[in-house]
Amino acid sequence: MIGTNDWKSSQYDQQHEDDVVSMADSTITTDDIEGELFKIDRIRDVLVRRESELRYMMDDIQLCKEITRLKKELQKLVSIPDNDKSNEDRQKEEELLQQIHKLVETRDFLVDDVEFERLREKEEDKEMADFLKSKFPRTMRKKGAPTRRVPSRSQQASSPFAKTGLTLLKECCGFTCSIM
């Protein structure tokens, strides 16, 4: 009889060991490990998104600086009376207008890319929320769904990427664009 009890106890211990992984002084379940890995993965995703956002911002700032520089240069030429302008001045004006136009188009593409990324991220977030609900239904009910900080309306409105290309140009250059 003692042998049978030992076998049952051993069988119970084996089942219990399958559910728990021993780590030094503590025990942690595989669900705990999966949950922690998931949190780390989400943090990584947030950091990658932030890096992308910062890169877009840097590109935007560089474009704005160049547009501003070209507009100042153009303003100097525009301030010269037409009858005092040389052919060189007129040609330079035309070149500056073309360069500014090209940069504005580049900014428009940048804004479109940002909007596309925002929509893609929104879809990824929805898919992740659906996955979490199916994978951890009890955990989601107890703790609530993980929430992502959503900026207020005023923060969204002040974001340069929530606006159209022309509005961006007008605001980023610090003055109303009289050329476009």
Side-chain angles (χ1 to χ4, degrees), residues 35-133 135-136 140 143-180:
E36 190 69 22
L37 287 171
F38 174 76
K39 288 177 189 175
I40 291 169
D41 197 40
R42 291 299 293 161
I43 291 169
R44 184 190 58 78
D45 289 345
V46 167
L47 291 173
V48 167
R49 285 180 180 185
R50 182 63 178 154
E51 177 188 19
S52 176
E53 187 179 296
L54 291 172
R55 289 185 190 282
Y56 279 120
M57 290 172 147
M58 284 299 297
D59 290 347
D60 182 58
I61 289 168
Q62 293 302 319
L63 286 169
C64 286
K65 284 180 179 180
E66 185 63 12
I67 290 168
T68 300
R69 185 188 68 75
L70 293 173
K71 285 173 76 175
K72 285 178 182 177
E73 192 175 334
L74 181 62
Q75 189 61 41
K76 288 177 187 175
L77 289 172
V78 169
S79 67
I80 300 172
D82 283 341
N83 52 351
D84 293 342
K85 286 183 189 175
S86 66
N87 284 338
E88 211 174 86
D89 290 339
R90 286 184 179 87
Q91 185 178 355
K92 183 67 175 171
E93 271 185 34
E94 186 60 36
E95 287 172 10
L96 288 171
L97 282 170
Q98 289 174 0
Q99 289 175 344
I100 290 169
H101 180 71
K102 185 176 178 181
L103 290 174
V104 169
E105 284 180 339
T106 302
R107 280 194 86 232
D108 286 343
F109 287 125
L110 180 72
V111 170
D112 290 344
D113 285 349
V114 169
E115 180 63 13
F116 177 79
E117 283 296 309
R118 185 189 67 77
L119 293 173
R120 185 185 59 77
E121 289 171 358
K122 185 177 178 180
E123 182 64 27
E124 282 178 2
D125 289 346
K126 182 185 178 308
E127 289 173 4
M128 182 56 68
D130 292 345
F131 169 76
L132 288 175
K133 286 177 188 173
K135 177 97 171 145
F136 305 107
M140 298 303 277
K143 296 180 182 176
T147 56
R148 185 175 155 204
R149 199 177 127 244
V150 177
S152 68
R153 277 283 186 213
S154 62
Q155 288 172 326
Q156 288 175 351
S158 67
S159 169
F161 300 118
K163 300 176 181 172
T164 65
L166 189 55
T167 304
L168 282 167
L169 175 66
K170 289 179 179 180
E171 291 182 3
C172 86
C173 298
F175 50 89
T176 303
C177 181
S178 60
I179 296 166
M180 303 297 159

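Just the heavy atoms: all of them, side chains too, but no hydrogens, waters or symmetry mates, feed the values below. Worth saying up front: this structure is predicted, and the values here are computed from it rather than measured.
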Using the side-chain hydrogen bond (donor to acceptor under 3.5 Å, both in side chains) criterion, which residues pair with Gln62? Sequence neighbours excluded. none

side-chain hydrogen bond (donor to acceptor under 3.5 Å, both in side chains) partners for Asn87, two or more places apart: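 Asn87 satisfies side-chain hydrogen bond (donor to acceptor under 3.5 Å, both in side chains) with no residue once adjacent residues are dropped.
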
Out of curiosity, [X] [atom1] to [Y] [atom2], how far, rounded to the nearest 0.5 Å?
{"X": "Asp125", "Y": "Met128", "atom1": "CG", "atom2": "CE", "result": "8.5 Å"}
{"X": "Tyr56", "Y": "Leu110", "atom1": "OH", "atom2": "CG", "result": "7.0 Å"}
{"X": "Leu54", "Y": "Ile61", "atom1": "CG", "atom2": "CD1", "result": "9.5 Å"}
{"X": "Gln99", "Y": "Leu74", "atom1": "CD", "atom2": "CG", "result": "10.0 Å"}

Pairing of [X] and [Y] as salt bridge, 4.0 angstrom limit:
{"X": "Glu117", "Y": "Arg120", "value": "yes"}
{"X": "Lys126", "Y": "Glu123", "value": "no"}
{"X": "Glu88", "Y": "Lys92", "value": "no"}
{"X": "Asp89", "Y": "Lys76", "value": "no"}

State, yes or no, whether a side-chain contact exists between [X] and [Y] at a heavy-atom distance under 4.5 Å.
{"X": "Glu94", "Y": "Arg90", "value": "no"}
{"X": "Glu73", "Y": "Arg69", "value": "yes"}
{"X": "Glu121", "Y": "Phe116", "value": "no"}
{"X": "Leu70", "Y": "Glu66", "value": "yes"}

Quick one: which of Ile43, Asp41, Val48, Leu47 gives a side-chain contact (heavy atoms from CB on, under 4.5 Å) with Asp45? Asp41

Candidate list Thr68, Thr106, Val104, test side-chain contact (heavy atoms from CB on, under 4.5 Å), partner Leu63, passing option: Thr106

Take Arg44 and Ile40, measure what side-chain contact (heavy atoms from CB on, under 4.5 Å) needs, and give me the verdict at the end. CA-CA 6 Å; Arg44 184 190 58 78; Ile40 291 169; 5.6 Å; no

Given Glu124, which of Arg42, Arg118, Arg49 fulfils the salt bridge (Lys or Arg N to Asp or Glu O under 4.0 Å) condition? Arg49

Can you tell me if Glu127 has over 12 outside heavy atoms packed within less than 6.0 Å of its CD?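 More than 12 heavy atoms, drawn from other residues, nucleotides or ligands, come within 6.0 Å of this atom.
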
With side-chain contact (heavy atoms from CB on, under 4.5 Å) as the test, would you mind laying out the steps for Gln91 and Glu95 before giving the verdict? CA-CA 6 Å; Gln91 185 178 355; Glu95 287 172 10; 3.5 Å; yes

Please find the pair of heavy atoms, one from Val78 and one from Lys85, that lie closest to each other, and give the distance. CA-NZ, 4.1 Å

Before giving the answer on side-chain contact (heavy atoms from CB on, under 4.5 Å), spell out for Arg107 and Ile67 the whole-Å C-alpha distance, their side-chain angles and the decisive distance to 0.1 Å. CA-CA 10 Å; Arg107 280 194 86 232; Ile67 290 168; 3.6 Å; yes

